[in-house]
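Structure record follows, encoded as structure tokens.
Quick note on labels: first sequence line is chain A, next is B, and so on, each numbered from 1.
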Amino acid sequence: MPELAEVEYYRRQWLPALGETVSRTHIRPSARVFRNTAPDRIPAAVEGHDFREALAHGKQMLFRFGDDAWLLIRLGMAGKLERGDPAMVPAKHDHLVLFTAKHALAFNDYRMFGSTTLVESAKLPDFWRNLPPMPHEPGFTRDHVGTFLRRRAKAPVKAVLLIQERFPGIGNWMADEVLWRARIHPAYPAGRILGRKLSDLHRSLREVTEDALRVIAPDWSDPPDDWLFNHRWRDGGTCPATGKPLRRETIGGRTTCYSPAHQKWPPGLRRASMDGGT
DNA sequence: CCCCATGTTCGACA
DNA sequence: GTGTCGAACATGGG
């Protein structure tokens, strides 16, 4: 489920336990989510230490315990963070659970595309300090977007928006929402988005990110019906802007939903394989 | 049984 | 180097 806004929601699930001491851990060391780390080290690294920081950036989270233990968590396709009471009994897919006097903090992921990594460091890990700006942050400028689109000039813009090194936190549904709001065809070559269209795309990235955070992060509210979101997977879904039918296609390897009437293919360039559709 | 899924990575190939 | 495609990972839902 998790893109930037859902990740922020999950980070907040663990937040009430900040300042509490980890007294006990439950771990399923054979779970694939530990493939990048040594799970045996986790209990000793966090038990007896206080839960000190909870950070989120794009699709990843970083939690600090005591002076020098950090847990990096990526949720993959189906991962979740949950908070229960200390008597909570770990279920089948609760691969990591941290117990304090008042809470149980669980990392649950039945598909195990997610992962967690123990980082033992007295300071914020370097890779975290060097992360690219998220779309709602000040460094995320129009030029920042334009430069990257030119570097991937021939790729469909939809595929480019999914690249985390430049668009941290943008996933499949947010990318579709962004393009729909900016009225850009998802298969259009990234390098041909210039001038006013580039401004539209940049603005849409900021707005969708800010709106998604506002709506989803506090309590996982449903987005309003004037977003593409509520219409995108329903068979026979219609565009909230035009009332015309939505279309689903695989673009950049992912199922993509767009509104052909709203996101027209600009004149002057033919689509590579499929017909343009206006 | 079939297909699909809000993700990432890797190898093969043009 | 660019870009595309399919497979793999593991599980559940329709």
Parallel, tilted or perpendicular: which one describes the rings of A:His202 and A:Phe140, with boundaries at 30° and 60°? parallel
Under 30°, 30 to 60°, or over 60°: which ring-plane class applies to A:Phe65 and A:Phe51, parallel, tilted or perpendicular?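 Rings of A:Phe65 and A:Phe51: parallel, under 30°.
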Rounded to whole Å, please give me the gap between [atom1] in [X] and [atom2] in [N].
| X | N | atom1 | atom2 | result |
| --- | --- | --- | --- | --- |
| A:Leu75 | B:dA5 | CG | C1' | 16 Å |
| A:Leu72 | B:dG7 | CG | P | 17 Å |
| A:Met61 | B:dG7 | CE | P | 14 Å |
| A:Arg271 | C:dT4 | CZ | C1' | 14 Å |
| A:Glu165 | B:dG7 | CD | P | 17 Å |
| A:Ile163 | B:dG7 | CD1 | P | 14 Å |
| A:Lys154 | C:dG1 | NZ | P | 17 Å |
| A:Arg232 | B:dA5 | CZ | P | 9 Å |

Distance-minimising heavy-atom pair for A:Gly114 and A:Asp109: N-OD2, 2.8 Å
Does the ring of A:Trp227 carry A:Arg181 above it, NZ/CZ under 6.0 angstrom from centre and within 45° of its axis?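 Yes - A:Arg181 lies over the ring of A:Trp227, closer than 6.0 Å to its centre and within 45° of its axis.
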A:Tyr258 and A:Glu249: side-chain donor and acceptor closer than 3.5 Å?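 Result is yes, a qualifying pair exists.
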Would you classify A:Ala159 as touching base, sugar-phosphate or nothing, given that sugar-phosphate means primed atoms plus P, OP1 and OP2, and contacts are heavy atoms under 4.0 Å? nothing
Using a 4.0 Å heavy-atom cut-off, does A:Pro156 contact any base of the nucleic acid, only the sugar-phosphate backbone, or nothing at all?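 A:Pro156: backbone/sugar contact only, no base atoms under 4.0 Å.
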Can you tell me the Watson-Crick or wobble partner of C:dA10, both distances under 3.5 angstrom? none
Contact pattern, 5' to 3', of nucleotides 8-14 of chain B - B, S or - by protein heavy atom under 4.0 Å: S------
Using a 4.0 Å heavy-atom cut-off, write out nucleotides 7-13 of chain C from 5' to 3' as B (base contacted by protein), S (sugar-phosphate only) or - (no contact). --BBBS-
Nearest 0.5 Å, please: how far is NE2 in A:His103 from CE in A:Met88?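 That separation rounds to 12.5 Å.
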Mind running ring pair (Phe, Tyr, Trp, His ring centres under 6.0 Å) on A:Tyr10 and A:Trp220 for me, showing each step along the way? CA-CA 10 Å; A:Tyr10 286 126; A:Trp220 204 293; 5.6 Å; yes
Quick check: do A:Lys197 and A:Arg183 have side-chain heavy atoms less than 4.5 Å from each other?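 Contact flag for A:Lys197/A:Arg183 side chains = yes.
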Does A:Thr255 make a side-chain N or O approach to OP1 or OP2 of B:dC4 shorter than 4.0 Å? no
May I ask you to decide if A:Gly171's main-chain N or O and A:Glu3's side chain share a donor-acceptor pair within less than 3.5 Å?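 Here the side-chain-to-backbone pair exists.
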